[in-house]
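Read the structure below first, then the notes.
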2 protein chains.
Amino acid sequence: MTGTPSRAEAAGSCDGCPVREHAICAALDAAELLELNSLGRRRTLGAGESLIWEGDDPALVGTVIEGTLVMSTGTSDGREQIVGVVHPADFVGRPFGGATRHTVTALTPARVCVFSRRDFDGFAGRHPPLERKLLQHTLADLDRARSWILLLGRKNAEERVAIFLLDMSRRAASDGAVPGAGDRFELPFSRQQVADLLGLTIETVSRQFTKLKRAGLIDLPSRRAVVIRDRAALKLLAG
Amino acid sequence: MTGTPSRAEAAGSCDGCPVREHAICAALDAAELLELNSLGRRRTLGAGESLIWEGDDPALVGTVIEGTLVMSTGTSDGREQIVGVVHPADFVGRPFGGATRHTVTALTPARVCVFSRRDFDGFAGRHPPLERKLLQHTLADLDRARSWILLLGRKNAEERVAIFLLDMSRRAASDGAVPGAGDRFELPFSRQQVADLLGLTIETVSRQFTKLKRAGLIDLPSRRAVVIRDRAALKLLAG
DNA sequence: CGCTGCTTTGATTCGTATCAATAGCAGTGG
DNA sequence: CCACTGCTATTGATACGAATCAAAGCAGCG
């Protein structure tokens, strides 16, 4: 999807940044952007690499430029739960006090525009439009978190997997270059990670995948690839 | 806890408002507060009464002055899930576009300071400190939603109930007039509502309550009353 | 070609839901 | 004051879905 970064982008400027219009930065004009930019830096992450650890302090915040990341927590006895998925243009980290509660890990190679919380808080305080954009992003995150609560509280394994696949498909369609896409995509998640996201075990996820495949609703050409064959039926299962 | 409302408060002014310092209004000075106040009105709700319905539009937003409310959604086949609990000083409703996704219902008699979303959005846009406060509240809500995701995704019935009771106890202690309180409190929830909150059935909740009672960790003097007898043990169960 | 790690599949167990009945409490009217 | 009613909560028996335990299959990679 991304070609070679332009020289300006590589050098850490915001010109040609693919999320310029969608991230909170959209609230800033060129001069302000330059100022904010001088406070932060680009960070590249490999798949599996973590940006922030649970309980981290001094904390980092930032905007995802490229790649998919997850926020996760564990219970004391080792059970894991993914509590949020972070996509390009999403904001990550916890501004305004409070220790970071989650580990943030890249699932795919990723680029993030990061700031120390201190710097970011200060800058945001001087730029209300930025805070307004951040508020809007946060409200959207909260909506997503709440539908996830419904999924985890009241949906069974089949419904969870159906919802997950439709969700992934929608996202693939939205940022896919090809307009007709969305029916065929690569998951950024391993089976275990899908399980950690849906509050299930890897075995249950696997079984549900094969069940959907056998029923002809989806196809699984490779471990990470998914093809939606019968979206309507899938939506029905999603409840 | 509340005496007779002062004449000013009854008339709809903010003087002596019990959440003046904790709600988003804390960001405003006297003059601004007067202006905001002129846009809204007080609404009194009886227990069980709803303030906002799922898919509502024209939408309402506001600040809870007194009482406990819940935000809930249901699946098409009638399963219910509570996706958020709203306490005094909390903000409720969805500003900035997007249809309201949840029904908001009072569990106890409640007073809410309400605005039309349109009016509120406009006012907020002209008052950055208010938006900043709202952002902080929203970030806190998001944190709470995410710990709830962990609970629903990875905790068993016993852990869920233990966490719930400790949570309720903490809240009772924080707004209780008596400083030594927190070990004895009234639940604003029926058993069914506890079940809807914890993603369980009423029978499972009841069984866990009796189990904790028999184990001597809690006491249940009446349907809604709870006494914590062994907080340490309860914390252990909470995981 | 044979590791190594991920995924699928199978057998069984366990926790919670479901179904069904009883018990307790609050309100109502005799 | 007590029977009656309706509602909420508790308790019990059983069923079912997902977890757990265990093994085999499959891809990527030295």
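Sequence lines set the chain letters: A, B, ... in the order given, protein chains first and strands last, and positions in each chain run from 1. Hydrogens, waters and symmetry mates play no part in the numbers below; they use all other heavy atoms, side chains included.
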What's touching nucleotides 24-30 of chain D from the protein side, N or O pairs under 3.5 Å?
| from | atom 1 | to | atom 2 | distance (Å) |
| --- | --- | --- | --- | --- |
| D:dC26 | O2 | A:R223 | NH2 | 3.3 |

Heavy-atom closest pair, residues A:L234 and A:L165: CD2-CB, 4.2 Å
Whole angstrom value for the distance that separates C1' of D:dT20 from CD of A:E203: 7 Å
Between A:L200 and B:Q192, which has a closest nucleotide on DNA chain D that is more 5'? B:Q192
Is B:S222 touching bases, backbone alone, or none of the nucleic acid, heavy atoms closer than 4.0 Å? nothing
Nearest-Å distance for atom pair CG/P, residues B:D196 and C:dA17: 11 Å
Regarding the side chain of A:T210, the nearest nucleotide among C:dT16, C:dT9, D:dA18 is C:dT9
For the backbone of A:R94 and the side chain of A:R117, can you confirm whether one donor and one acceptor N or O come within less than 3.5 Å of each other? yes
Looking at A:T201, I'd like to know whether one of its side-chain N or O atoms comes within less than 4.0 Å of OP1 or OP2 on D:dA18. no
Let me know the distance between CZ of B:F209 and P of D:dA9, rounded to the nearest Å. 10 Å
Check residues 197-208 of chain B and write down every donor-acceptor pair under 3.5 Å in which the side-chain atom is one partner and the other belongs to a residue at least two apart or another chain.
| from | atom 1 | to | atom 2 | distance (Å) |
| --- | --- | --- | --- | --- |
| B:T201 | OG1 | B:T204 | N | 3.4 |
| B:T201 | OG1 | B:T204 | OG1 | 3.1 |

Is it the case that atom CZ in A:R229 sees more than 12 heavy atoms from other parts of the structure closer than 6.0 Å? no
Rounded to whole angstrom units, what separation is found between the CG atom of A:N156 and the C1' atom of D:dA19? 15 Å
Report yes if a donor N or O on one partner sits less than 3.5 Å from an acceptor N or O on the other, where the partners are the side chain of A:Q193 and the base of C:dC6; otherwise report no. no
Pair of N/O donor and acceptor under 3.5 Å linking D:dG12 base with B:R207 side chain: yes
Rounded to whole angstroms, how far apart are CD1 on A:I202 and P on D:dA22? 17 Å
Might you point out which heavy atoms bring A:P188 and A:Q193 nearest each other, and give the distance in Å? O-OE1, 4.0 Å
Separation of C:dT9 P from A:R191 CZ (nearest whole Å): 10 Å
Scanning both residues in full, the closest heavy-atom pair of B:L150 with A:V83 reads N-CG1, 4.5 Å
Using atom CZ of A:R224 as one end and atom C1' of C:dG5 as the other, report the distance to the nearest whole Å. 12 Å
Does A:S169 use its side chain to pair, donor to acceptor, with the backbone of A:G182 at less than 3.5 Å? yes
Separation of atom CZ in A:R154 from atom C1' in C:dT18, rounded to whole Å: 13 Å
